[in-house]
Amino acid sequence: MGSAAGEEEAPRPLRVFFIPFFATGHMIPLVDIARLFAAHGVDSTVLLTPANAALVQPTIDHAAAAGLPLRTLLYPFPSATAGLPPGVENISALPPSECHKIDAASLLTRADHDRLLRLHRPDAVVADTHFPWTTAISRDLGVPRLSFHALGLFPICVMGALFRHLPHLSVAGDDEPFLVPDLPHPIHMVRRELPDFLRGETPITVAMDDLREGESGSLGVVVNSFAEIESAYADLYLKADRMRSWFVGPVALASADASDLAARGGDDPSAAANRERCLSWLDTMEPNSVVYVCFGSWSHFSGEQLKEMALALELAGHPFIWVVREAAGVEWMPEAFERRVEGRGLVIRGWAPQVLVLGHGAVGGFVTHCGWNSVLEGVSAGLPMATWPLSTEQFMNEKVVVEVLKTGVRAAAEGRRRSTADDEKGVVGAAEIGAALGRIMGKGEEAEGMRRRAREYGEMARAAVKEAGSSYNGLTNLIEELRAWPEKDAGTVA
Ligand code: UDP
């Protein structure tokens with residue numbers, strides 16, 4: 001073990017394993033985080049199933065080609081046991097009604113994680129919250145496990161407060177508002193806005209005790225967010241749940257250059273063609289004139305709703321990029337729509353280079369479903385947003401934009417139509433959508449105020465990831481703590 005006199009033994013690099021969940025919105029930011037660790041000299045390995053690896057391989061290859069110690073390690077997806085066809089390994093590959101099958105499949109991956117972690121014995125594990133058993137395996141190996149939620153701390157704290165106090169169970173009906181207790185801001189919600197696992201039983205509800213146990217045995221959570229917008233929630237998380245947190249985001253901003261960002265989430269030929277189409281078109285548009293409309297990697301709308309959206313975009317008159325996931329088997333596009341809006345609007349089918357689009361000077365507003373990554377990417381780009389939450393914790397994220405940061409307005413006003421359950425959602429009409437577009441893209445005092453605040457938060461986000469910024473320090477502090485982990489050497493004895 002000891003070195004010869006006068007010889008300095010080079011310290012062995014820290015080796016960290018990252019285990020993302022099978023959803024694009026979870027994989028993209030955790031791969032970005034692994035890349036950030038690698039950029040700080042940490043030997044980083046991302047454990048993935050084959051079809052999921054294909055989605056992020058361009059990012060990983062690009063980083064590896066630049067000399068960063070970043071790689072993938074594959075394990076099989078439990079297709080047969082989960083009753084899923086070969087190659088279907090991600091929630092974006094399924095209609096919403098079948099996404100629970102991916103949750104159920106994720107509960108079948110324990111043996112592979114156990115095998116690979118014991119075989120390779122990393123010095124630390126950063127695993128998605130869906131994989132709670134990684135805490136016990138890490139404990140056996142004598143190394144720390146960090147948890148990753150793909151969420152900000154605001155929704156994590158809202159859900160924590162709901163589990164602790166159950167205010168949603170003591171209201172008379174699904175539309176009766178209740179106050180979410182404990183929070184630094186006075187946040188009210190209704191039951192219809194809650195994720196399905198708080199409204200009824202899902203594979204995740206059944207596994208909730210395991211999830212919580214895995215969480216509480218972790219060293220803490222790594223968070224794609226930044227202190228300037230969420231530090232009060234980090235304090236609350238520590239006080240109420242005894243959980244430490246490290247802000248390391250916005251990771252999309254920290255993710256190096258444009259070709260890295262272009263490769264994010266897939267680099268197939270249609271994505272490359274969409275990239276070229278979007279960016280060259282944006283170059284021809286006036287500054288702040290374009291509204292970008294996108295609802296993430298797996299959300300779906302009915303044909304009727306898509307039609308109203310098309311009419312709203314046509315009538316509102318602002319130039320737009322609209323990223324569309326088709327309604328299966330339904331003819332919804334108004335006749336000759338694309339011809340009528342030619343030159344003023346782009347309809348993108350498939351994958352758009354979202355971060356590059358949001359960062360383009362021609363874009364002036366963002367219509368979003370409020371997935372956490374999209375919210376943070378909109379904040380980072382300094383843009384006002386029209387919020388249209390659809391499922392999971394997205395109504396909580398909407399509160400961040402509309403009530404905490406005050407940089408956006410709701411695309412659909414109050415009412416029954418706002419719900420996480422598909423069979424409760426009503427159609428939002430073109431006039432209402434158009435009014436929301438007018439509020440974020442217009443010239444009045446309200447729009448100017450939102451724009452000013454959004455710009456300020458965008459500047460804070462960029463400062464957070466620069467050297468000596470809050471998230472840069474969060475990342476370096478975490479890496480230092482992992483390097484100094486007392487049992488590190490014990491865990492690496494073969
Ligand atoms: N995204 C993208 N192009 C698309 C759709 C989505 O680059 O056409 C990216 C987006 O930038 C974000 C992620 O996919 O990083 C979606 O994550 P989010 O949390 O916003 O939503 P989810 O897909 O999980 O609902």
Side-chain angles (χ1 to χ4, degrees), residues 20-33 35 52 55-56 58-59 90-96 99 102-103 128-130 148-152 154-156 195-196 223-225 249-255 258-268 270-275 277-279 292-301 321-326 346-360 363 366-381 383 385 387-398 400-401 408 420 461:
F21 176 61
F22 313 126
T24 308
H26 287 235
M27 278 196 306
I28 288 179
L30 193 52
V31 168
D32 280 345
I33 290 171
R35 191 192 179 291
N52 284 315
L55 295 174
V56 292
T59 307
N90 185 297
I91 58 171
S92 60
L94 287 167
C99 286
I102 297 286
D103 283 338
D128 197 284
T129 185
H130 285 76
F148 178 68
H149 288 255
L151 299 178
F154 178 91
I156 292 175
D196 56 357
V223 191
N224 180 20
S225 185
V251 293
L253 278 184
S255 255
S259 51
D260 277 313
L261 291 172
R264 261 174 125 235
D267 207 19
D268 63 63
S270 78
N274 286 344
R275 179 159 73 239
R277 203 167 151 230
C278 285
L279 297 179
Y292 172 69
V293 186
C294 181
F295 300 93
S297 62
W298 63 283
S299 298
H300 288 257
F301 286 101
I321 292 180
W322 180 19
V323 187
V324 176
R325 291 172 65 83
E326 300 285 356
L346 280 191
V347 178
I348 297 291
R349 294 172 179 80
W351 196 252
Q354 176 158 308
V355 174
L356 294 176
V357 168
L358 290 174
H360 195 289
V363 174
F366 181 18
V367 182
T368 172
H369 72 311
C370 298
W372 182 256
N373 296 296
S374 293
V375 163
L376 204 58
E377 290 158 12
V379 169
S380 304
L383 292 174
M385 293 179 245
T387 57
W388 193 327
L390 296 165
S391 64
T392 55
E393 87 304 338
Q394 292 158 8
F395 285 86
M396 299 172 186
N397 301 337
E398 173 185 68
V400 175
V401 176
T420 50

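Atoms within a ligand are numbered from 1 in the order they appear, just like the ligands themselves.
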Using a plain distance cutoff, I'd like to know if A352 has any nitrogen or oxygen under 3.5 Å from a nitrogen or oxygen of ligand 1.
yes
Those residues at least two apart in sequence (or on a different chain) that pass side chain to side chain contact (heavy atoms under 4.5 Å, CB included) with V400 are F154, W372, L405
To the nearest 0.5 Å, what is the distance between OG1 (T392) and NE2 (H369)?
7.0 Å
Before you tell me yes or no, could you show the steps for W298 and S391 under side-chain contact (heavy atoms from CB on, under 4.5 Å), namely the whole-Å CA-CA distance, both residues' side-chain angles and the distance that decides it to 0.1 Å?
CA-CA 10 Å; W298 63 283; S391 64; 3.7 Å; yes
Atoms of ligand 1 close to V323 [distance to a heavy atom under 4.0 angstrom, numbered from 1]
8 (O)
Numbering the atoms of ligand 1 from 1, which are under 4.0 Å from a heavy atom of C294?
5 (C)
Of all the heavy atoms in H369, does at least one lie under 4.0 Å from an atom in ligand 1?
yes
Check whether any side-chain heavy atom of I102 lies under 4.5 Å from a side-chain heavy atom of N90, and answer yes or no.
no
I need the nearest protein heavy-atom contact for atom 14 (O) of ligand 1: residue, atom name and distance, please.
W351 CH2, 3.4 Å
Go through W388 and F395 one step at a time and tell me if the ring pair (Phe, Tyr, Trp, His ring centres under 6.0 Å) criterion holds.
CA-CA 8 Å; W388 193 327; F395 285 86; over 10 Å; no
Please report which non-hydrogen protein atom sits nearest to atom 20 (O) of ligand 1, along with the residue it belongs to and the distance in Å to one decimal place.
S374 OG, 2.5 Å
Output, in order, the C-alpha distance, side-chain angles, deciding distance and verdict of side-chain contact (heavy atoms from CB on, under 4.5 Å) for L390 and F301.
CA-CA 9 Å; L390 296 165; F301 286 101; 3.6 Å; yes
Using distance alone, decide if ligand 1 has a nitrogen or oxygen within less than 3.5 Å of any nitrogen or oxygen in T24.
no
Any V357 side-chain heavy atom under 4.5 Å of I321 side chain
yes
In ligand 1, which numbered atoms sit nearer than 4.0 Å to a non-hydrogen atom of W372?
19 (O)
Ligand 1 and S299, any nitrogen or oxygen pair closer than 3.5 angstrom?
no
Ring centroid separation H26 to H130 under 6.0 Å:
yes
Atom 13 (C) of ligand 1: closest protein heavy atom, distance to 0.1 Å, is I28 CD1, 4.1 Å
Distance from atom 23 (O) of ligand 1 to nearest protein heavy atom, with residue and atom:
S297 OG, 2.5 Å
Residue portion contacting ligand 1 (non-hydrogen atoms closer than 4.0 Å) for E377
side chain
List the steps and the verdict of side-chain hydrogen bond (donor to acceptor under 3.5 Å, both in side chains) for E377 and N373.
CA-CA 6 Å; E377 290 158 12; N373 296 296; 5.7 Å; no
Measure the distance from atom 24 (O) of ligand 1 to every protein heavy atom, then report the residue, atom name and distance (to 0.1 Å) of the closest one.
G25 CA, 3.5 Å
Ligand 1 contact on P353 by region, counting heavy-atom pairs under 4.0 Å
neither
Contact partition for N373 relative to ligand 1, non-hydrogen atoms under 4.0 Å:
both
